[in-house]
Amino acid sequence: MNKIRCMINDVQYEIEGLPPTMSLLHYLRDVLHLTGTKEGCNEGDCGACTVVFKDASAKPEPRYRAVNSCLVLLPMLHGKKFYTIEGLAKGEKRHPVQDAILEHYASQCGYCTPGVAMSLFEATYRHDMTQPWQFDEQMAGNLCRCTGYRPIKECVHALAGTGNDDFADKLREPEMALDTLDYEYDGVRFYMPVTLDEACDFKSSHSDAMIVSGSSDVSVLINKHARKCANFMCLINVPELKEVTIDETGLHIGSAARLANLEAMCQDKFVPFGRILRFFASHQIKQIATVGGSVGGASPVGDFAPVLMALNASVRLISSRGIRSIPMSEFILGYRKTSLEVDEFIYAFDVPPIPDNARCASYKISKRLELDISSVSGTCYVETDDKNIVTVARLSFGGVAAVAGARAKLAEAALIGKEWNEANVEAAAKAMEGDFTPISDMRASAWYRKTVACNILRGFYLETLENHVPARLYRPTSTLQLEQ
Ligand SMILES: Cc1cc2nc3c(=O)[nH]c(=O)nc-3n(C[C@H](O)[C@H](O)[C@H](O)COP(=O)(O)OP(=O)(O)OC[C@H]3O[C@@H](n4cnc5c(N)ncnc54)[C@H](O)[C@@H]3O)c2cc1C
Ligand code: FES
Ligand code: FES
């Protein structure tokens, strides 16, 4: 058993004698009395608790990443350097972020301001903010109900990429050594391996262990549903699980790869992933959350299962017995049920290349554009031959059935062998009405879900008339437009 070693605001800490299920937010506020970081929702929705950590393994260069401290479990601090709002000013000298907030009048009640400041801090040291959507996305995880977003948006435009001080120098400093953490308190064990072998061995001897990747779901279960578990195994320090590669064999996504990395890589290639990720959760959540966590929980409203199903992905599962690869369609068995054996976990997802004769696009429909769970999400994939006849159709949806990534089999059958034209697509959309019997809940009625799924197919036909794999058009998520 060992201690959690980390640095917070350049001070080294060795943590023991605290529950591994304690969040970083509560450690900061209740143990270190760093109460600048605020608690709003305690479930990743408001951004008041935002802090940053240094991601030494980021490509092409180390960078800071803003995350929700309410979703970070204490052992996940191991081997990392974090900064909180208290770490910004040096004595009487304010940080440029603090000056910008003052100059632009970007704070009123101040409750959200520490979180806003930490997201602005990250932007200050980012060198990849070249697109308008990145400025919207940077602040999408920070609610502010009183100042209004104009001054906050002015700040992010003023600050992005300007950081050239000792915090920039710190990015070049050597990282803390990362070793395997085996942490236990009060009968709860939290294991964080650094090799695949260690991970497989632990899972085969602790079949009850709850797998944790980014913990954005698991922390909500702990914070809001008092979920108890004797053993946790967190995979985010195993390098092989964090890789994302694109080559001639397709897209390969390690189960513990950050969604933010996948999003950056899928702007021009495997565009359906880039499209869905733009409106997936928030910037902070994408910096920790993973595809393994999205699919591992087999949530029927998860946004990834439809994309993976429609693009005919397979899942590699690993245990100490070896690796097996199965199609996504065989992985999801039912409501929150997967074909994982008790000693297995997800290693990676393999997505084949998208051929030239394919059309595909992903869609997410939610009440709010950003930081909202889908009412319906869907990915459509169609291949046609040289006579424009449909040879392959995979239409996969979230939010319309109990299973993740449900296929619209009737609509697919109505398309196969037919010419790809508006009349036949309309017939398939009508057939799709028989595919699903969704439920009504607070997000959407059954009628709405079914209607929207059919309309996604109609919209897909129109959107792919010219460009077969269309990129997402930029739509500002605020009414406010600033000069770039
Ligand atoms: C505020 C908020 C907004 C969200 N918005 C969205 C959204 O827009 N769209 C969406 O789809 N989801 C959303 N989510 C849900 C969730 O964040 C995502 O599904 C995320 O991808 C989960 O990844 P994670 O790595 O954090 O999972 P974790 O919390 O670490 O794990 C989630 C589940 O997957 C299992 N698991 C994790 N890794 C593996 C593995 N390698 N092998 C087997 N099982 C594994 C865990 O045991 C657990 O059951 C949101 C969550 C929050 C809190
Ligand atoms: S307290 Fe709201 S996101 Fe953490
Ligand atoms: S300053 Fe953000 S809610 Fe008041």
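Quick caveat: nothing in here was measured; it's all calculated off a predicted structure. As the structure lists them, so they are numbered: ligands from 1, and atoms in each ligand from 1.
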Residues which pass salt bridge (charged side-chain N to carboxylate O under 4.0 Å, His left out) with Arg65, listed by chain and number, not counting sequence neighbours:
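Scan of Arg65 (salt bridge (charged side-chain N to carboxylate O under 4.0 Å, His left out), adjacent residues dropped) gives Asp55.
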What atoms of ligand 1 come closer than 4.0 angstrom to any heavy atom of [X]?
X	answer
Asp303	7 (C), 8 (O), 9 (N), 10 (C), 11 (O)
Ser294	19 (O), 21 (O), 22 (C), 23 (O)
Ile285	1 (C), 2 (C), 3 (C), 52 (C), 53 (C)
Ile373	4 (C), 5 (N), 6 (C), 13 (C)
Asp45	1 (C)
Lys364	7 (C), 8 (O), 9 (N)
Phe345	42 (N)
Ser255	41 (N)

Sidechain N-carboxylate O distance under 4.0 Å for Asp372, Lys364:
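No.
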Is the shortest distance from a Lys or Arg side-chain nitrogen in Asp435 or Lys450 to a carboxylate oxygen in the other one below 4.0 Å?
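No, this pair does not count.
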Give me the nearest non-hydrogen protein atom to [atom] as residue plus atom name, then the distance to 0.1 Å.
atom	answer
atom 39 (C) of ligand 1	Ile211 CG2, 3.5 Å
atom 21 (O) of ligand 1	Thr290 O, 2.8 Å
atom 36 (N) of ligand 1	Gly292 O, 3.9 Å
atom 30 (O) of ligand 1	Ser213 N, 2.7 Å
atom 28 (P) of ligand 1	Ser215 N, 3.5 Å
atom 4 (C) of ligand 1	Ala281 CB, 3.6 Å
atom 22 (C) of ligand 1	Ser216 OG, 3.4 Å
atom 49 (O) of ligand 1	Gly297 CA, 4.2 Å

Closest by any non-hydrogen atom to atom 35 (C) of ligand 1: pick that one out of Ala298, Ala256, Gly296, Pro306.
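Nearest heavy atom to atom 35 (C) of ligand 1 lies in Gly296.
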Report the member of Phe304, Phe280, Tyr347, Phe279 with the shortest heavy-atom distance to atom 12 (N) of ligand 1.
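The option holding the nearest heavy atom is Phe280.
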Counting only protein atoms, how many N/O/S atoms are less than 2.8 Å away from atom 4 (Fe) of ligand 2?
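That number is 2, waters not included.
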Ignoring hydrogens and geometry beyond distance, is a side-chain donor-acceptor pair present between [X] and [Y] at under 3.5 Å?
X	Y	answer
Asp247	Thr249	yes
His78	Asn237	no
His252	Asp350	yes
Ser320	Asp201	no
Asn142	Ser119	yes
Ser23	Asn223	no
Ser362	Thr379	no
Glu122	Tyr83	no
Glu243	Thr245	no
Tyr474	Asp136	yes

At what distance, to the nearest 0.5 angstrom, does OG of Ser213 lie from CZ of Arg258?
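Separation between the atoms: 11.5 Å.
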Please tell me if the side chains of Ser375 and Val452 come closer than 4.5 Å, counting only heavy atoms from C-beta onward.
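In short, these two side chains do not touch, never coming nearer than 4.5 Å.
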Check whether any side-chain heavy atom of Glu263 lies under 4.5 Å from a side-chain heavy atom of Lys286, and answer yes or no.
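Result yes, sub-4.5 Å side-chain heavy-atom pair found.
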Parallel, tilted or perpendicular: which fits the ring planes of Phe202 and His206, with parallel below 30° and perpendicular above 60°?
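Taking His206 first and then Phe202, their aromatic rings lie parallel (interplane angle under 30°).
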Structural part of [X] in contact with ligand 1, heavy atom criterion under 4.0 angstrom:
X	value
Val295	neither
Leu340	side chain
Glu43	backbone

Do [X] and ligand 1 have an N or O pair less than 3.5 Å apart?
X	answer
Leu71	no
Gly293	yes
Ile346	yes
Ile288	no
Val218	yes

Does [X] reach the main-chain N or O of [Y] with its side chain, forming a donor-acceptor pair under 3.5 Å?
X	Y	value
Gln138	Phe135	no
Thr124	Leu120	yes
Gln287	Ala260	no

Taking the non-hydrogen atoms of Asp372, is any one of them nearer than 4.0 angstrom to ligand 1?
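Flag set, Asp372 near ligand 1.
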If you measure from each heavy atom of Glu344 to ligand 1, is any distance below 4.0 Å?
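Per 4.0 Å heavy-atom rule, Glu344 does not contact ligand 1.
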Using a cut-off of 2.8 Å, how many protein N, O or S atoms sit around atom 4 (Fe) of ligand 3?
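With waters ignored, the protein N/O/S count below 2.8 Å is 2.
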Cation-pi check, Arg275 onto Tyr363 ring (under 6.0 Å, within 45° of axis)
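Yes, Arg275 sits over the ring of Tyr363.
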Going by the rule side-chain contact (heavy atoms from CB on, under 4.5 Å), which residues pair with Thr21 if we only count those two or more places apart in sequence or in a different chain?
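Thr21 satisfies side-chain contact (heavy atoms from CB on, under 4.5 Å) with Pro19, Ile222, Phe232 only.
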What about Phe190 and Tyr183, are their ring centers closer than 6.0 Å?
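No: the rings miss the under 6.0 Å criterion.
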